[in-house]
Amino acid sequence: MSQFGHVSALNLSGQSNLINFWNPQSTWICGSRQTNVLSFGGTDSVGYGLRIPNANAIRTRPKKGVCPLQVVCIDYPRPDLDSTSNFLEAAYLSSFFRTAPRPDKPLKVVIAGAGLAGLSTAKYLADAGHKPLLLEARNVLGGKVAAWKDEDGDWYETGLHIFFGAYPNVQNLFGELGINDRLQWKEHSMIFAMPNKPGEFSRFDFAEVLPAPLNGIWAILKNNEMLTWPEKVKFAIGLLPAMIGGQPYVEAQDGLTVKDWMRKQGVPDRVTTEVFIAMSKALNFINPDELSMQCILIALNRFLQEKHGSKMAFLDGNPPERLCQPIVDHIQSLGGEVQLNARIQKIELNEDGTVKSFLLNNGNVISGDAYVFATPVDILKLLLPDDWKGVPYFKKLDKLVGVPVINVHIWFDRKLRNTYDHLLFSRSPLLSVYADMSVTCKEYYNPNQSMLELVFAPAEEWISRSDTEIIDATMKELAKLFPDEICPDQSKAKILKYHVVKTPRSVYKTVPNCEPCRPLQRSPIEGFYLAGDYTKQKYLASMEGAVLSGKLCAQAVVQDYEFLAAQGQRKLVEASMV
C-alpha cells in the first residue's frame, strides 16, 4: 500500500499507461470512449483570487485536440456504520418525522440561516409535512461549509471538512438523500507530522480485525514515535475515570482546560505537547490551555467506543453542490422554499413579546407560524431584540463567542511528494490540519499540481493581518513539512495562486464552563426556536452537532404543532376583528 495515496486512472482507449512519478501505483490515461468512470472537465468560472504569474506553470485543462484526462479515485469501502447503536438512534429520530401524523394545516416555519443546522431543520420539518421557508443572507449555501468558485473554475472553501464514522446523524442524512457514494473514505489512520524530524510522519493505525476500543488502544500502543511507554501508561491511567464514569464524568470536566485536567490526572506534559495540541486545534481551533477538557473527552469517547468512529471521509467535491444542494432539492420537492440573498435586518415583535415577522434588508417582511434562528450565535446576539436581552435563556449566550479561524488554499506548480491521501495533523505552531486536495478529493483532483488546503489556527492574532503575511507565514511552516520541496522564497515549489478565507467568528470557543450556557432548541419565547451546533446536543461544535441540532429543533416544532396551529388561528381571528 503506497503511503502517497490511492488515486489512479483507467486505460479507456487501449493506449499505454503513463506512470505517476510520485506514486508508482497510480497512472493517468487519456481516453475517448464513453464509460461510467468518473471524468472531469472545465466548468464556468466565477469568483476572485490572486494569481501569481509563472511562465513554467503546467496547464491542466484540456487543449484543443487533446483528449481529456479520465480519472478514477480509488478509496476505501464505506465502513459498516448502520448497525451501531448511535446510527440506529439517529435513524430512529429521522423516522419520527416521516411517521409523524400529517398536519391538517402545515405550519409555515421561517428559518434564518442555510448552514447545515438550518438545512437540517428545514429538511426534517418538510419530512413531517410542514412548509419551511429557509432564508440565507449570502448568495451561497452552507454557512460554515460554504465554498466559492474562482475565475479558473477552482473551488475554495470556508474550512477543511472531514466526515467521521462517529457522525451518525450526518451519515443518516447522506443515506436519506441517496448520496452515500459522495463520501470518499480513507484508511483508518491518524497521521501526525514530526516537527523534530522535518518531512517525516508518525501514524496511529487502527486494526480492522479488532473491535472498539481495542483497535484504538492497539493504535496507541503500536506507535512508539510520539509517546514513550511510561507516558502511554500514565495517560491510560489518567483516562480510567472517564472510561468508568461515562457521560456524567465527561460533562463534569467542563470546568477544566485540557492542560489542567492532564496535570490533575498525573499525565505528563509531553502527552499534551505531542498529541493534544494538535487535537485541540483540530477540534476547536484553540490550544489546550484554553480548550475545555469536556470537548476532548467527548471526541475520545466517540472515537474509542465505536470501531469506525475515528475513520475519516472527504466529500468528493465542493460542499454547496455536493451536499447542500441535495438537501435543498429534497426540501423543495416537499413544498418548502429556500431564498438566497435574504439577510435579516430585524426581528419584529408583537405586543406580547412574541415574533411578529422578520424584516429583511431588501424591505421585505416575512411572517410565519413559527420562527427558527439557525445562524451562528454571534449573529443571533447582534439581532436579539432589546426586550429579550434580560431573559436568562438569552443572557447566558453572552459567554458563547465564535472563535476566529483562517482557511488557506495554495496551488503549486508541481506535484508534492511528501504527502498522503488523507488528513494530516501538521503539529505546527500556526497550522492545525491540512490535506493535498488534489489527491484526496475527486472534483479537485490534479495529476500534475498539488493544492494544499490548510487550517490556520489559532488565528486570533492573525485574523486582521494581510493575506500576504498569512501566506508568508504558511510557507515558512510548509518548508518544515516539505523540506525537500518547499522553500519560503519559492526557489523550489512555486505558488501559482492562493485563496485565504477568514472567518472572524466560527464555531463557539469551547472554553471551560460554557456547557451550562448552551441553550435548548425550544426558547421561552412562544413560537421561537434555535438551531446550531452551539445549542444543547451531545456532540461537539461540528457538522454532526449542527445536523443533530436541526433535527432536535424540528422535533420541538413538530411536538408543538397543536399549540402553534391554535396560536396562528387566534392571530387570524384577532386580525379580522381589527
Side-chain angles (χ1 to χ4, degrees), residues 1-8 22-26 73-81 84 160 162-167 171 183-236 239 243 270-283 296 299-314 416-428 432-436 439-441 481:
M1 183 181 298
S2 167
Q3 67 174 354
F4 297 122
H6 308 281
V7 184
S8 64
W22 61 280
N23 181 359
Q25 293 187 2
S26 297
C73 296
I74 301 174
D75 295 296
Y76 287 78
R78 182 176 183 270
D80 179 19
L81 304 173
T84 65
L160 179 54
I162 303 300
F163 297 80
F164 286 96
Y167 282 3
Q171 297 301 333
L183 287 178
Q184 295 181 250
W185 291 96
K186 307 304 179 183
E187 60 184 324
H188 199 170
S189 302
M190 300 184 78
I191 307 172
F192 292 75
M194 301 290 286
N196 57 329
K197 298 178 182 178
E200 296 187 21
F201 297 88
S202 182
R203 299 170 59 102
F204 291 87
D205 295 315
F206 293 72
E208 185 64 30
V209 295
L210 295 176
L214 294 180
N215 62 343
I217 295 171
W218 172 254
I220 294 170
L221 294 179
K222 197 172 69 166
N223 182 300
N224 294 315
E225 297 165 311
M226 292 175 66
L227 299 178
T228 65
W229 274 96
E231 289 166 343
K232 293 176 187 177
V233 171
K234 289 180 180 178
F235 177 44
L239 276 180
M243 295 180 180
R270 222 178 69 84
V271 175
T272 301
T273 302
E274 290 295 295
V275 178
F276 287 100
I277 286 179
M279 282 194 66
S280 296
K281 294 202 296 183
L283 289 171
I296 290 286
L300 288 177
N301 189 34
R302 296 273 69 82
F303 291 166
L304 293 179
Q305 296 302 323
E306 301 177 28
K307 179 175 180 178
H308 304 292
S310 58
K311 195 163 191 178
M312 305 178 205
F314 285 73
L416 299 173
R417 298 184 298 276
N418 193 39
T419 189
Y420 288 78
D421 180 10
H422 214 295
L423 179 76
L424 301 170
F425 293 84
S426 74
R427 301 178 73 208
S428 149
S432 170
V433 291
Y434 71 98
D436 186 345
V439 174
T440 61
C441 175
L481 298 170

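Bear in mind that the values here come from a model prediction, so they are computed numbers and not experimental data.
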- Task: Applying side-chain contact (heavy atoms from CB on, under 4.5 Å), run through Val275 and Phe425 and close with a yes or a no.
- Result: CA-CA 10 Å; Val275 178; Phe425 293 84; over 6 Å; no

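Counting only distance, with no hydrogens or angles, the side chain of Asn418 and the backbone of Leu481 share a donor-acceptor pair below 3.5 Å. Using modelled atom types, no side-chain atom of Lys307 and backbone atom of Thr84 make a donor-acceptor pair closer than 3.5 Å. Formation of a donor-acceptor pair under 3.5 Å by the His422 side chain with backbone atoms of Ile191 is not found in this model. Between the side chain of Ser426 and the backbone N or O of Val433, no donor-acceptor pair lies under 3.5 Å. For the pair Lys232 (side chain) and Leu221 (backbone), a donor-acceptor distance under 3.5 Å is present. Although no hydrogens or angles enter the test, the distance criterion places a donor-acceptor pair under 3.5 Å between the side chain of Arg427 and the main chain of Glu274.
Note on ring orientation: taking the six-membered ring where Trp is involved, the planes of Tyr420 and Phe201 are perpendicular (angle over 60°, cut-offs 30° and 60°). The aromatic rings of Phe192 and Phe204 sit perpendicular, their planes meeting at an angle over 60°, well past the 30° parallel limit.
Side-chain contact between Ile217 and Leu210 is absent, with no heavy-atom pair separated by less than 4.5 Å. No side-chain heavy atom of Phe314 sits less than 4.5 Å from a side-chain heavy atom of Leu183.
Atom CD in Gln171 sits 11.5 Å away from atom CZ in Phe164 (nearest 0.5 Å). Of the inter-residue distances, the one linking Ser202 atom OG with Lys197 atom NZ reads 8.0 Å to the nearest 0.5 angstrom. One finds the CD1 atom of Ile277 at 4.5 Å from the OG1 atom of Thr273 (value rounded to the nearest 0.5 Å). Rounding to the nearest 0.5 Å places CE of Met190 at 8.0 Å from CG of Leu423. Considering CG of Leu424 and OH of Tyr434, their distance stands at 4.5 Å, rounded to 0.5 Å. Between the CG atom in Asn215 and the CD1 atom in Ile220 there is a gap of 10.0 Å [rounded to 0.5 Å].
The two residues His308 and Leu81 make their nearest non-hydrogen contact at CB-CD2, 3.7 Å. Taking both residues in full, the closest heavy atoms of Ser189 and Met312 are given as O-CE, 3.8 Å, listed atom of the first, atom of the second, then distance. Residue Thr440 comes nearest to Lys186 through the heavy atom pair O-NZ, 3.1 Å, listed as atom of the first residue, atom of the second, then distance. Pro77 and Trp185 get closest at one heavy-atom pair: O-CB, 4.0 Å. Looking at every heavy atom in both residues, Phe276 comes nearest to Ile296 through CE2-CG2, 3.6 Å. Closest non-hydrogen pair, Leu283 versus Ala299, comes out as CD1-CB, 4.0 Å.
Side-chain contact, Ser310 with His188: a donor N or O sits under 3.5 Å from an acceptor N or O.
A salt bridge does not link Arg203 with Glu225: every distance from a Lys NZ or Arg NE/NH1/NH2 to an Asp or Glu carboxylate oxygen is 4.0 Å or more.
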